[in-house]
Structure formats: structure tokens, C-alpha cells
Number of protein chains: 2
Amino acid sequence: MNIDKLMKPRKICIVGASEKEGFGGDTCRNVISHMDENRYFLVNPKRNTIFGKKAYPSVSDVPEDFDLAVICTPASSVEQILRDAAARGARGAVVYASGYKEVGTAEGLAAQESLKELCDKLDIALMGPNCAGYINYIDAIYPFAFISEERDRTGSIGFVSQSGQLCLSMMDNLTPKFSFSISAGNCAITEMEDYIDFLVDDEFTKVIAVYLEGAKNPTKLADSFRKAAFKRKPVVVLKTGKSEKGCKLAVSHTGSLAGSDKAYDAFFKKFGVIRVDDLEELIYTAHLFATLKELPKHAGFASISLSGGETGICADVASAFGVEFPDFAPDTTAKLRVMLPSYASPANPLDATATLSYNAERFAACLRVLVQDEAVATVLLGYTLLQKIADPAIRYMAEAIKTVSEENGAKPMIMVSFAGNTRNEEYKTILESCGVPILPPTLYAFKILRYLADFIGYDYRDHDLSLAIPSRPCRETRQALSEHAAKEVVARYGIPFPKEAIAQSIEEAKELARGMAYPLAAKIDSTDILHKSDIGCVKLNIRDEAELEAAYGEILANALEHRPEACIGGVNVQEMAKAGVEMIVGVTGTPQFGPAVLVGMGGVFVEVFEDTALALAPLSREEARNLILSLKGTKLLTGYRGSAPCDLEAIVDVLLAISKMASDRKDDLVELDMNPVFVYERGVCAVDAVLVSDGGA
Amino acid sequence: MNIDKLMKPRKICIVGASEKEGFGGDTCRNVISHMDENRYFLVNPKRNTIFGKKAYPSVSDVPEDFDLAVICTPASSVEQILRDAAARGARGAVVYASGYKEVGTAEGLAAQESLKELCDKLDIALMGPNCAGYINYIDAIYPFAFISEERDRTGSIGFVSQSGQLCLSMMDNLTPKFSFSISAGNCAITEMEDYIDFLVDDEFTKVIAVYLEGAKNPTKLADSFRKAAFKRKPVVVLKTGKSEKGCKLAVSHTGSLAGSDKAYDAFFKKFGVIRVDDLEELIYTAHLFATLKELPKHAGFASISLSGGETGICADVASAFGVEFPDFAPDTTAKLRVMLPSYASPANPLDATATLSYNAERFAACLRVLVQDEAVATVLLGYTLLQKIADPAIRYMAEAIKTVSEENGAKPMIMVSFAGNTRNEEYKTILESCGVPILPPTLYAFKILRYLADFIGYDYRDHDLSLAIPSRPCRETRQALSEHAAKEVVARYGIPFPKEAIAQSIEEAKELARGMAYPLAAKIDSTDILHKSDIGCVKLNIRDEAELEAAYGEILANALEHRPEACIGGVNVQEMAKAGVEMIVGVTGTPQFGPAVLVGMGGVFVEVFEDTALALAPLSREEARNLILSLKGTKLLTGYRGSAPCDLEAIVDVLLAISKMASDRKDDLVELDMNPVFVYERGVCAVDAVLVSDGGA
């Protein structure tokens, strides 16, 4: 959907313009204060002027055609206004009115459907209904239902929110500066995906901040995220639902597909989208990217604070978030030793003591030394900028920061605060104009710096950015293959299993066993019997032909006794795999994003420590390897207590094979579970496989 | 040390009083602005008046005796002034001057030692040197070296900081209100422990906030913490050094004993002291306790926000910190359903939608319903109070909050913000006077609420609050017992081991074996051979007498070959313990707090997942049990995959026995390591023991 007429209209028409409090009045106040008067028309049948500007009795009386209708009137009047506006060339509309899907009634739903059909017919990109509109700060377009501050907020954050309240909270904050700020409402016609795509394309938008309730059109969303990844344009998303209660809320509030929150995580991770946990993180992560003049070259940070206590806090909190302070080069240490008082230790993080901060030249010299160290890509300035400046230190520091930021070889600098409040506007502006964002106190600051480090470390070339999104919804039916049949399917993708075959008689079993190496296992082969061992239909460690014969008989007898109605394919005779490091590998279908490949350390590790990880298919080789290395129990594979390392590439191959299979069967595969897969010093062996489809292949 | 003369002087004397910028001038400005003029004297040899107040040429010219000398002059003059002040009755002194231990030179150290001796001789409690002084807000005493705000900051937080910078940052913050604020400096004479003890005793101090570099006098600190625990007075401590780099910094900055940071954690935990990670947490955790009129009765929270997005954030972030939103009682849900718009779901956390917030009566009614639910002990109000109020919602909400907070059966209410900034002073004051603190955004808020929940859950009766602090420093020497000797020591405390005995000959070995059950193990017995299995001196799974004979010979031969010089006690013949759930139990000495008991899941769990926990000896039964239950792998003990639960009380008994032993041997025990200890459905069995002492028993 092209939404340029909606988002970048040449002229707009406010229908329901007014001087009263409320949407119509506040929109007029915004428009009149901020917009070029040749770009808007006001419509009100009962007044000739509004705030001294001419008002027209109806849309058809407006003297020129326009692109965008801003409809401030109640739901009942909206459709007729849309028709009239379309006749005047409008291809965009903003509808504030509520009374649609959000009220949860049949009438509301019907009204929304009707609106949608009309917009399709009229070819109108509509924002809302039940929205607060938007501000285009770049072109000064203000169809927004709440009074916007006089202060210039123009910047490079493209913000779109599915929650009006969070949109207002973000805009009320004094820090972020926007290219666009969009309160998207019900997204009945123009969807979140359209806005995001628009912002990815928009040249004035440096970073995209999103409050997303759920993915409605995963393919479209993936397309936008892919484009952003290629452009290296950061996308920061607040999507709640990580917790059980949060997930329930997300579903009840939005009626969006629930799905596993882990699928969202995997989706965002694949495209390098930064997922944040609350509004403060959204504000400041976006602000960080918007303010930095260039991205750090790598994830090595230096920190400079004015006291030991502050430096200690930085060390501890950074460590908790895996933000790294590499050791300084010997040359750096030597230079710092000369600059600092005798009692200071020139280490990273650096306690520069307060003395340096009262002398711009000395502070600049110290910053220069940090910047010149190759291990350092970003300098963190630990300092609490207050609203009212009593201590003059910041004057000298700001001068030094400005000087150093303009020099050749300058590196990004970021201020980290130790207490939260509103910052002094003068120094905030000075620092921001040097490209130095001020982050909130350390818990937020280092979490956000972790996001920065992750973003720097993300390379789209390491990821397979195609997705295996199903072409049809999953059916309700479930069909499980027998173990043998499941293995046959999976083996075709190159997964090694122990030798096995189905025997229809005791003689055939013995004959098959002659081609195998004892010990053997024997199991019933039946799609009707899933929990085989519970009813004595699995015999392990069969050491010779005599034991095999006994086992065969017992298995059949048990099957007959416990499941007389089951259709029996025979007895599955298998070699026993030798034990290795136990892993589990599987596939699970996600309702939005297609199949996800799951891997975990097996046995007690998955049961007790829940040590599993998942990624969306298809996987690149890098993704598969990193998925395995992200497990807590990865030490079991890479060698510990002097044991030889396992064949990591062989288990990577298994994941890639499974990923291929999952992609091929995205439409019907519901679940694959291989548990255990043994990993050896060389090679792997899968021992079991359960495969469930929706029967629609 | 009684520091009442220092902290609550009747009269004080400012030596080095001045009108200039700097310590002397700023102290005078503070004192003159805030103090009763009958309570201070100004001394300056060169002036008759300072800011219009009389100045005396010397301490001896001051017309009355005084309790406290505030010395604003350089280090060189301090000792003579102390002598003069002592002669005028002073038993307290504040010394701002630097040039002591903090500079790290021999001269500085000597100056500090000399100062300490003098104070001992003169019986003077001295704050500093190298400090910024303090403010006693309760009695309006202002010997503080930086200008203090005019605004009344009197409250109930007793704050003491070993860092001047952090002290100033905390005081610069607009939120906390203090009984005392102390910048303690070098703590050469009056120690951190003295200030903390003073604040524990002080009736005006409701909560104690501390920035602590390290425990200098652990016994004294424990005494104060114990007293605070008995009084249920919250102590909130910021102590850096959790990370490797932070720990190094703490040591280099303060010269305090490093020790394991986990020992500090265990120390704080024993006494219910809240350990926070940064200054923002320190400020707001203290503010929370200071503002609440009573503590919540239990850890069940209800949350009410005005939008779905905010409610989702609360659900997710609370869950990340284990803050619990119990389900509402059916009655609550039914009442809410009537009050809320049709599209709202009456769940906890509650999205009350914005409509309620514009009507004080309806908002109050909703709060009342939440407060009446027994599952709810605290109501969280999700709302971002801005500095400038545009949206009138807060007017109605504040009215409702005030009404409900004054009713019978009122429960604590806490406001949680979604964006950080300075809050509107008017509404902040209204809310605080109702006992409603405003917390920073959710990452901080829910971390702090976790601390609150932990504090509510802490009961000193569950803990053994005595400590086994050694009476002498640990010696450098190390002495390891042989396995057999170590087991004998530990067995005396009731730890069960498999049957074993030392054989001096092959015949004796066979004779001993006749009284045991095969399979057996045989190991060399020698204090000189620690890594026995590496050189073939351990044989396991000996099935009969023939194998025993062979094993005996091989063990001796291997010992002779690899350690010809070793003193051999014989061959240790043991029954093999049957395998159970593998745990490790040990003791490790901490330099500050005496022995700590360590427990962990054994084998791969401790190696790969580092799943261990420690607590300071002696342990109460509750502490021992909770320590075990705090392990991630505790499911292995409590039963999983249908396996029977293990004998938890038996492993608790082992911990208590080890705790007793550790306490008895606090002076010489360096380390005890029992790995593995098998835990069975009934009982336990320890298989090995390594015991190292400093040889000084």
C-alpha cells in the first residue's frame, strides 16, 4: 500500500474543525500553529471562521483538491465524508472516531468492516479509526488530536504506536526528536506494516521506534525488516507478551494471534530488530541511534567517571549486561598515568577523579588518549547532568567533549547518568549537537548499550532472511507417523539413524538381526501406539538371538493385550546407538512465522534447566552454529573436564537438514521431535523421531 | 564508639570560617542559613565578622565550650586545632582536609596514623579526614562542605556514603528526604560501622541507605545489622565489586580486603540487608521505605494502569523480576466487570482504560475493590507523572488516591512510571503525603519492588544471626589431611561415609574386605599424594578378592614409581557407595565473615552450569533448606520425570553438620570439599572429603 498521500499530503482538509476542546479543536490548534496556511482547509457547516481562519461549510465547498481528509467527527458521519473527500481527490484519511472493532461488539466489528470495504473501493489509505493521528515533523503536517508542544521536536526518530497512551507518553518526554510520530489506532486499513515500511523508506528517518501489539501481516513485516537490515537502519520494537500474563493480555487486548513469544524473539533476532522491554528503553534506544553521528566500529567501550563509586557501578552493571570494557593498551595506560593524580589507577573503566573535570584541556587530553586506543570504539562519560547546574564541572567537560568530537579520528561518546531526572536543557543541547546522547541511569544505560553492541555485531549476511511462512492456515487435524516412517522422512534429508528394519515375523527379525551389530533394540511399529514403552512395547539392550526372540514375542503380546484395536506394522529391530552427548533437535510450527528449529541439551538439561533455543527456518549455517553455541550447556559440546570436543559441524548439519525439511513442509508439518540425538567426537546419530503433520501435505 | 557528640552536638565551632568559595565559606553559608545562631561559633584569626556574624580569632577565644569542631583548614593545621578544641570540651570533629591515606603516599599514611592516635588520646570521634561532612536534618546541624539547597529536605532516610561524589549525587536528587546525610571520607577514626550503628539506633531514621566500599569491622557491622533486623528497620546497601573489574576497583580504590563478593552477598542476605546495584536503586529503594506508611502484609501486588500497552509492560517486567500479580478473587472480578467499560478485561495486572481516570469517584471505587481483595497487599498505580501537567487525569486520580489511602483497611499504594524525568512537585507532594512513593520507570520499579517483596519475606527468626568470624587472621601455611583422616574428622559431625579402613598389608586388606560388601574401591592413603587417580593410585569396582589383591599391588607399585618420596599410610579399602543424585558440599573461608557453607548439584551441573550457592556459617535449619532449594537443579532432588523425591532433610542435616564443624574450626579451617555426596530416596552418603587447614588448630 502506498501511503504517501496519507503521510506526505500536499494539502489537507480538517473536517469537523472547531475551536472547542477535543479532537477537532486540538487538531485545528496544531495545524494553525505549525502549518503553512496554504496547505490546509477547515470545514465546519456552522462557522465562517475558526481561530480567525476561513472555514468552509462542506468538503465540496473547499476551493482546491486535497490529498488528506482529517475527520474529527463521530463514526456515523465518517463514511459520507470519505466519499466526499475522495471526490475531491483525497487518497488519505485520518479517522479519530471510536466505536469500531475496539469496543468488541458486533456493531463495532461491522462498522469497521464497512469502513474497510469503502476505503478499498475509494482507494483511500486510512489511519485509524480510533487513532490520535500523526505528526510529520519534516514537512510540518499536524493532523494530530492532542495539543503538540511549541518546542521544535524535529529529529530523525520515526515512531509508530498501536497504543495512543504510549504514543502520548513518548511525545510528552523531553528527549526524543521525531521525523514522524504516528498513533495508528485500530489499523483497519493502513496497517502497522505499512507505516513501518514507509519509515524504512523515508530518508529523514534514521531510526524506527515501534510499539507493536502483534504481527498482522508477517510477510509484509518481514519484507520491511529485511529492507531495514540491508540499509542497516535500526528498528527498535516494544512488543509486550514475554510473560504468561503479558501474553494473555496481548491476545485479549488486540485479538491478534497469540503464538509463542519466543517466535517473535526469533523473528526480531533474524532481522537484527532490537526488541526492548519498556517505554523508557524504547525512548532512549531510539534517542541513542538518532543522536550518534556514526555507529561505533566494534563493541569495545571505555568508561570515564569522576569517582571510584561511579566507576564501580559502571563496572558491575556493564558486566551484568555483558557490555565489555577491554583492557587499555600499555601505551594508553602509560599516558593516563602521567595525566592522572598519583592515587588514580589508569584502568578501564576509568576513575579519572574529579580533578580532571575542572579543566577543559586536561579533560580533553584524557578523552583523546581513550579515543586513540584501538580496543576502544565508544567512550562512555559517567556523569549526572542535573536540571539546575550548581557544580561548574560540566562547563569544562562539555567544552572538552565538543573539542574532541570535532577532531579527526573522533569516536562516538555517550553520557551515562547515575540518577534519573530532567536534564539541563542548555548542556543537553550542546552535548546532543556533538552527537553525544545522554542515557538514563545505569540499569537502563547498560541494557541499551547491550542493544547497541548487538546491533553493531549483527550482519545480515550471517542470516537467511527468507522465511518459510505457510501459504495456508494450519488445519485442526493431526496425523502422526510411526517412528520408522518418521525416520524415513527425516533420513532423506541426510540425518543419520542407527540401522533398523521392520520385521513381520520372528524369523524375519532374526534374519534382519544377522545384518546388524548387537546389542539391539526392538519396538512395536504402529501409528496407533505413541507411548510404546509405557505398555512394554520397547525392549532395549538385546544381547543375542535368544533375547531377540523373547523380546519379539513379549512386544507383540503386550501390544495385543493393551491395544487390541491397533494397526500393527510389525516389530522395528534396531541397532543400539552408542551414547554420546545427548541433545534434542526439533521443529515447531509458529502461527505467524512458519516453522522454527529448536535445539537443546538433552535429558536432564532440557527437563531441569530448560536449556533450549530456537530460530526461524530456514537457517543459515551461521545461524545454526550460533543457535547451538547460545545454549548454556554448550561446554558439554566444546569439551570440558579434559574430554574431547564434540563434532559441532555435524550437529550444525543436522540443524540445517531439519531446517530444509521444515521449509519444504512449511504447510503441513506441525511438529518434529528428535530426542535424543547423540553427538560424538566425530559425527552424530539420531535415535528417535516423532513427526506430526496436519495431514494436508 | 559513641558518636552522639559528633552527630548531635549542642554547639559547634567552625574553624577556618570564611566568606570565600570553598569548604570554609560553604560551611558558613549552610550553618548561617539553617542553624539557630546560639548553636555555632565561627573562628577566623583575620576577621571580626563573617556574613555579619561575629568571628573569634581562635578556638580558645570562643566564649563557651562546644561539642563539635568543624575544621575547614588544611591538613597541617588540623592536629593543633583538635588539641585546642578538646580543651574546650569538644569530643567530635569534622575534618574536610585531604592529604591523608587517600593520596597513597607514605606521608599520607603517616599523617592519618598520627591523626588516629591523637583522636584516641583526646577521645574525639572524628568524621573524615577527606570528607564533605554531614547534615543532621532533624536537629538542623549543618557542618557540610557544599551548599545545601534551601528547600526542606527533612525526612527519614539516614544516608551514609564512603564516596563524596555519590553523596552529592544523592543529595542533588529531588526525591529523597533525610534524617541524616553523611559523607564519611576516609573513616580513619569514626568508621562506617559507627555511623550505621548510630542510624540503626536513631529513632528519626526509618530506613538506612549506605554506599559502602567494604566491611572494615565485620563483627561491628554484623552487630548493627542484627539490631536492624530485630527492629525490622530496612538497611539498603550499595556495595560495588560484583564483577571482576568492579572487584579489582574496590580493592585498589579502598585498600579493603577483597574477598569473594559472594561472601558479601551471603552476609547481607543473612541479615535481610537489601543490596542494590546502582545509585538510582539506592535512592528509590530508600525513598520507597521512607514514604510508605506501613509495609505491605505480603508480596501480592495488584497493578492498575490506564492502557493495554502499559499493563503489558507491567506484566512482562514484573515477571522478569518475580514480582507477582495473583489472580483476583471472583468477587473482585465481578465487581470490576461492572465498573469497567465492556471492552476491558478485569484481570491482574489491570488495564482500567483511560475512562476511569477522569472521574475521582469511579477511580476510588475501583481502587477500593482492589484493596479489598485478600490476594492483594499493595496496589501499583501505573502512571507517568510529568513535570508540567497537561492532561487533567492526575487531578482526579490524586483525589481518589488520597480518599482511599485514608480509609479503614487502606493498603500501601505505589506509583510506577513509564518514562523517567522530574515529577510535578505539587502532585508528588500530594501523593507522598498519602504515603504513595513514585518509582522510576519499570526496570527500576520492579527491581525495587522485588527488594520490597524480599524484605517483607525476610524473618530474622529463620536465620542464625551469629557469625563464626575468626579470632585471628588466617595463616599463610596450608596443611591437607589424607582422605581417610579428613573423613574421620567430618564423620565425627555425623556425616555418613561408606565403610572404609586402612590396610598395611595385602593380608590385612583381604581381612578388612571380608567385613565389607563388594564392589570395593582401593586408594593410596597419603597426605603427600593429592591427585591419586592421575598416577594410578585409585582402583574402583573391585569385584572380588583376586581383583583386590591385584589392585593393592598396582596401587603401591604406582605410588612407589611416581612418588618415591611420599609418606604412605597404607591402602584405603572402601565399600563403593551406590549412585544417587550427585551433590557437592563444602566450606570455604572468607576473609571478612568467617567460613561459608557451599552446596551445589554435582558433576556436570557444577562444572557446566556453576549451580552452587553459599551461606555464612552457622546456618539455621531454614537457611540450610533454602540454600538447597535456591539451586537451579533443585528439581533433581524434589522429583522429576516421575522419579521419587530425594531425602531433602538428610542433605539439610549434612549442611548443618558441616556448618557446625566450620564454626568450631573457624580459626584454622581453610577449605573442605566433599564431592560427590550422593542423595537417595532415604539418606545420603558422602564419598570423598578433602580438608585443608592453615595448620594452626
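Quick note on labels: first sequence line is chain A, next is B, and so on, each numbered from 1. Any value given below was found using the heavy atoms of this structure, including those in side chains, with hydrogens, waters and symmetry copies removed. The shown structure was predicted, so the numbers you read here are calculated from the model rather than taken from an experiment.
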### Message
So for Thr240(B), is it side chain, backbone, both, or neither that comes closer than 4.5 Å to the heavy atoms of chain A?
### Response
both

### Message
If I measure from the heavy atoms of chain A, does Lys447(B) come under 4.5 Å with its side chain, its backbone, both, or neither?
### Response
side chain

### Query
Could you state the interatomic distance from CD1 (Ile147(B)) to CG (Leu168(B)), rounded to the nearest 0.5 Å?
12.0 Å

### Task
May I ask you to decide whether Glu281(B) forms a salt bridge with Arg450(B), counting only side-chain N to carboxylate O separations under 4.0 Å?
no

### Task
Considering non-hydrogen atoms only, spot the tightest contact between Ala209(A) and Met170(A) and give its length.
CB-CE, 4.1 Å

### Query
Parallel, tilted or perpendicular: which describes the rings of Phe609(A) and Phe609(B), with under 30° parallel and over 60° perpendicular?
parallel

### Message
Please classify the contact of Val317(B) with chain A as side chain, backbone, both or neither, using a heavy-atom distance under 4.5 Å.
### Response
side chain

### Query
When only pairs under 4.5 Å are counted, which of Phe325(B), Phe605(B), Phe146(B) shares the most heavy-atom pairs with chain A?
Phe605(B)

### Proximal component of Leu282(B), with respect to chain A [non-hydrogen, under 4.5 Å]
neither

## Note on the structure
When the 4.5 angstrom heavy-atom criterion is applied to Asp611(B) and chain A, the contacting part is side chain

## Note on the structure
So, the part of Ala419(B) with a heavy atom under 4.5 Å from chain A: the answer is both

### Query
Where does Gln387(B) contact chain A at under 4.5 Å (heavy atoms): side chain, backbone, both or neither?
side chain

### Task
Just give me the residue among Thr384(A), Leu306(A), Val103(A), Thr105(A) that pairs up with chain B most often, heavy atom to heavy atom, under 4.5 Å.
Val103(A)

### Task
Check each atom of Leu386(B) against the heavy atoms of chain A and say whether the ones under 4.5 Å are side chain, backbone, both or neither.
side chain

